[in-house]
There are 2 protein chains.
Amino acid sequence: MKDITLKEIATKLGISITTVSKALKNYPDVSAKTKQAVIDLAQNLHYTPNSFAVNLRTKESKTIGLIIPEVVHHFFSNVINAIIDEAEKNGYLVIILQSNESLALEKKQVELLIKKRVDGIIISLSNESNNDDHLKEIITRNIPFVMFDKINKLISCSKVIIDDQKAAFNAIQHLIDNNCKKIVHIRGPLNPQNSIDRYIGYKKALEKNNIPFDTKLVYTCETVTFQEGVDFAKQIIKDHPDVDGIFAVTDLVAVGVLSYFNDNNIKVPGQVAVIGFSNWFMSQVLTPKLSTIDQPSHEMGIESFNLLLEEMNCHKEGIPFKPRTIELETNIIIRESSIKNNPIN
Amino acid sequence: MKDITLKEIATKLGISITTVSKALKNYPDVSAKTKQAVIDLAQNLHYTPNSFAVNLRTKESKTIGLIIPEVVHHFFSNVINAIIDEAEKNGYLVIILQSNESLALEKKQVELLIKKRVDGIIISLSNESNNDDHLKEIITRNIPFVMFDKINKLISCSKVIIDDQKAAFNAIQHLIDNNCKKIVHIRGPLNPQNSIDRYIGYKKALEKNNIPFDTKLVYTCETVTFQEGVDFAKQIIKDHPDVDGIFAVTDLVAVGVLSYFNDNNIKVPGQVAVIGFSNWFMSQVLTPKLSTIDQPSHEMGIESFNLLLEEMNCHKEGIPFKPRTIELETNIIIRESSIKNNPIN
DNA sequence: TTGTATGCGTTATCAT
DNA sequence: ATGATAACGCATACAA
């Protein structure tokens, strides 16, 4: 099946390429019957504009790039879902790339997208990301750019975030309200802003309740995996047999903790209350059901794309765009794993 | 930051565009020093070929399209992960689109990818997909095309699948070996080949063991969701109080069943043994841990891309390509939910 | 209302 | 070894 071009249609109709082009784009300066003839023939021949040529002419690809740490992740896959759909509604396609939590890969992916000349880039940083060069490059090249969730405060671009400090504070306050006296925090890696903020929220809540902060009660994830949760659970019980509350940086790790405790007959919440972060789907089907913080992943995706879209539109029109930061609300979801005064325990 | 073109480099060096182009592509007929001068300047200026122009000239975009029912799905996100990485290794980027299990959307997504002129398409069909036109269109246009997991037998293209019949047969045989006499099958929707095959496997296993097949013991999913599992569990217990085994078409549904049983004090596996399909991550952290069939999602992604790559290469060279079907092995994963003679029950 | 001419940036053919 | 020229398919300023 040969590709149909404007030229073919023009030749077949005995008119110029220009007129065909104008007719198809519904320009006002084409006579009604010419327009109709062109449209009819184009339809007959299943004409499709050659997007490569259109890209070259218009200098836009109607494609955006999305870089996330990994697809197989409840939170990120939800964001992806939202971004893809929202982009499509607005005529954009999405190229997805993973950094696998590696800075080197993240840099490579940024480079690939720049070379690809996507119209805009949305990114959630990897845990290793402590170097700005590749991000600055995006700014320098004047490519519309949005960061979400795992952001870099120092880069001037639009951002979509939550108040991690406040959310973590609420989680800890909830544990304290449920009679937890010795609360361990399994924190995220040292670099990411959100794991820093959750850690600060933990400290602030202790302080507010006059509970002395103890660095020995803080464990730091490297891989942020289920297995790490299992391993930390074991270690924590060994180090602090009297621990009565655990706040994990994310549900996946909390699930590891729960799994170890279940397998070793340590009662949750009876002996130790547990709360996670992010509200992964599985949290609601575990035994006991895991308390957590709900993060509006879908909304985050939608807002991220729309911020990018706004910037892409300004970019096209040559209008200056002022980056904005959108902060979305979180909700604490109290289930079974954190309620000490629950009669069933 | 202005875009650097071949022309700029040529002008700055006082040579022709042609020579610059050749030098950068390491053609043999350029003098060593000219070549070096060009390469140096290009590097200095951060020259990047304009991919739009390259696409137009070469008629390929080094981009493939991937259509799946939904991203937020343990199996599919694993396949996506593999395809993205494998594609990148081979110099391809991936545009991802979701059909949301809707035939209409699936058709639209295929159309979008064709218009985008991707170099190839990988698809896993939606549950509604019973119409071939859009798939035939891909074949007609001679676009390299691979289907995986949820395929259409009637379309002649490369496929990557598992033996759903055999896997389901094994699951049922396992239940029977564990003293299940009255086994319910919660099957998938009527269209998809894999839900048909799992259903056939169920029937064959019963037959082999001289257990009469009873249509009343078959429940058919529409949405294939957690909630549907919950609802069916309730209905099943009401319809058949003496049910002692359940085989669900996929883990998500099995988890719904488990959740209902847990909440209503119906013992698994004591009263009812349960087995799922696909080995979702959460299955191993539930109480009781869910038995299931492991599907090689990662391998499936890799094989799918490589089949596509092979076809794309043939396509480029003008060599005819003969579609192949790759069948991957599955494993039955026996955990707690299906072992009736387990001493702890 | 229609058409001519030009350029987007690259690649490839064919002279020189 | 180097370069002039055309072509990929489309969009648009400008001329007729």
Side-chain angles (χ1 to χ4, degrees), chain A residues 1-39 41-42 45-63 114-119 141 316-318, chain B residues 1-39 41-42 45-63 114-119 141 316-318:
Chain A
M1 195 197 225
K2 213 181 132 300
D3 276 351
I4 306 300
T5 66
L6 291 183
K7 195 162 144 190
E8 309 244 353
I9 298 179
T11 311
K12 281 213 165 70
L13 252 39
I15 59 180
S16 78
I17 296 177
T18 308
T19 306
V20 174
S21 174
K22 284 178 177 167
L24 289 173
K25 309 203 81 191
N26 206 24
Y27 273 47
D29 59 348
V30 181
S31 77
K33 53 174 148 333
T34 314
K35 192 177 291 184
Q36 199 51 54
V38 170
I39 291 172
L41 185 58
L45 265 36
H46 297 103
Y47 168 74
T48 306
N50 181 313
S51 67
F52 299 158
V54 175
N55 291 345
L56 181 58
R57 269 303 316 222
T58 61
K59 297 185 184 306
E60 56 173 10
S61 58
K62 288 288 182 180
T63 304
I114 290 177
K115 283 194 178 150
K116 187 72 180 179
R117 280 180 154 71
V118 292
D119 296 342
R141 288 189 180 253
K316 210 171 1 177
E317 312 285 341
Chain B
M1 195 197 224
K2 215 180 132 296
D3 275 352
I4 306 299
T5 65
L6 291 183
K7 193 161 144 191
E8 310 243 352
I9 298 179
T11 310
K12 281 212 165 67
L13 251 39
I15 59 180
S16 78
I17 296 177
T18 308
T19 307
V20 175
S21 175
K22 283 178 179 169
L24 288 173
K25 310 202 85 192
N26 206 23
Y27 271 49
D29 58 349
V30 181
S31 77
K33 54 173 151 323
T34 314
K35 195 178 288 184
Q36 200 51 56
V38 169
I39 290 172
L41 185 57
L45 266 35
H46 297 104
Y47 168 75
T48 307
N50 181 314
S51 67
F52 299 158
V54 175
N55 290 345
L56 181 60
R57 271 304 313 220
T58 62
K59 296 185 185 306
E60 56 174 8
S61 58
K62 288 290 184 179
T63 304
I114 291 178
K115 284 196 178 149
K116 187 74 181 177
R117 280 178 153 72
V118 291
D119 297 342
R141 288 188 181 254
K316 211 174 353 181
E317 312 285 341

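Convention: sequence-line order gives letters A, B, ...; per-chain numbering from 1.
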**Q** For A:K35, give me all partners under side-chain hydrogen bond (donor to acceptor under 3.5 Å, both in side chains), at least two apart in sequence or on another chain.
**A** A:N26
**Q** In chain order, what residues pass the salt bridge (charged side-chain N to carboxylate O under 4.0 Å, His left out) check against A:K12, with sequence neighbours excluded?
**A** none
**Q** How is A:T18 classified with respect to the nucleic acid when contacts are heavy atoms under 4.0 Å: base, sugar-phosphate, or nothing?
**A** base
**Q** Mind checking what makes salt bridge (charged side-chain N to carboxylate O under 4.0 Å, His left out) contact with B:K22, not counting sequence neighbours?
**A** B:D29
**Q** Respond yes when some side-chain nitrogen or oxygen of A:S16 is under 4.0 Å from OP1 or OP2 of C:dG3, and no when none is.
**A** yes
**Q** According to salt bridge (charged side-chain N to carboxylate O under 4.0 Å, His left out), who are the partners of B:K59, at least two apart in sequence or on a separate chain?
**A** none
**Q** Under the side chain to side chain contact (heavy atoms under 4.5 Å, CB included) test, which residues partner B:S16, sequence neighbours left out?
**A** B:T18, B:T19
**Q** Return the residues of residues 47-57 of chain A meeting this criterion: a heavy atom under 4.0 Å from some atom of DNA chain D. Order them by number, or give none.
**A** A:Y47, A:P49, A:N50, A:A53, A:V54, A:R57
**Q** Is B:K7 close enough to C:dG7 that one of its side-chain N or O atoms is under 4.0 Å from OP1 or OP2 there?
**A** no
**Q** Go through residues 22-35 of chain A and report each residue with a non-hydrogen atom lying under 4.0 Å from DNA chain C, sorted by number.
**A** A:K22, A:D29, A:V30, A:S31, A:T34
**Q** Is A:I17 touching bases, backbone alone, or none of the nucleic acid, heavy atoms closer than 4.0 Å?
**A** nothing
**Q** Counting C-beta onward and ignoring hydrogens, is there a side-chain heavy-atom pair between A:R141 and B:T48 closer than 4.5 Å?
**A** yes
**Q** Using a heavy-atom cut-off of 4.0 Å to chain B, what are the terminal contacting nucleotides of DNA chain D, in 5' to 3' order?
**A** D:dA1 to D:dG9
**Q** How would you list, by chain and number, every residue that makes a side chain to side chain contact (heavy atoms under 4.5 Å, CB included) with A:A42, sequence neighbours excluded?
**A** A:I9, A:L24, A:Y47
**Q** Would B:K116 and B:T63 count as having a side-chain donor-acceptor pair, cut-off 3.5 Å?
**A** no
**Q** A:E8: what forms a side-chain hydrogen bond (donor to acceptor under 3.5 Å, both in side chains) with it, not counting sequence neighbours?
**A** A:K2
**Q** Could you work out, with side chain to side chain contact (heavy atoms under 4.5 Å, CB included) as the rule, every residue matching A:T58, not counting sequence neighbours?
**A** A:V54, A:E60
**Q** Between P on C:dT2 and CD on A:Q36, what's the gap in Å once rounded to a whole number?
**A** 13 Å
**Q** Check side-chain hydrogen bond (donor to acceptor under 3.5 Å, both in side chains) between A:T34 and all other residues, then give those that pass, not counting sequence neighbours.
**A** A:S31
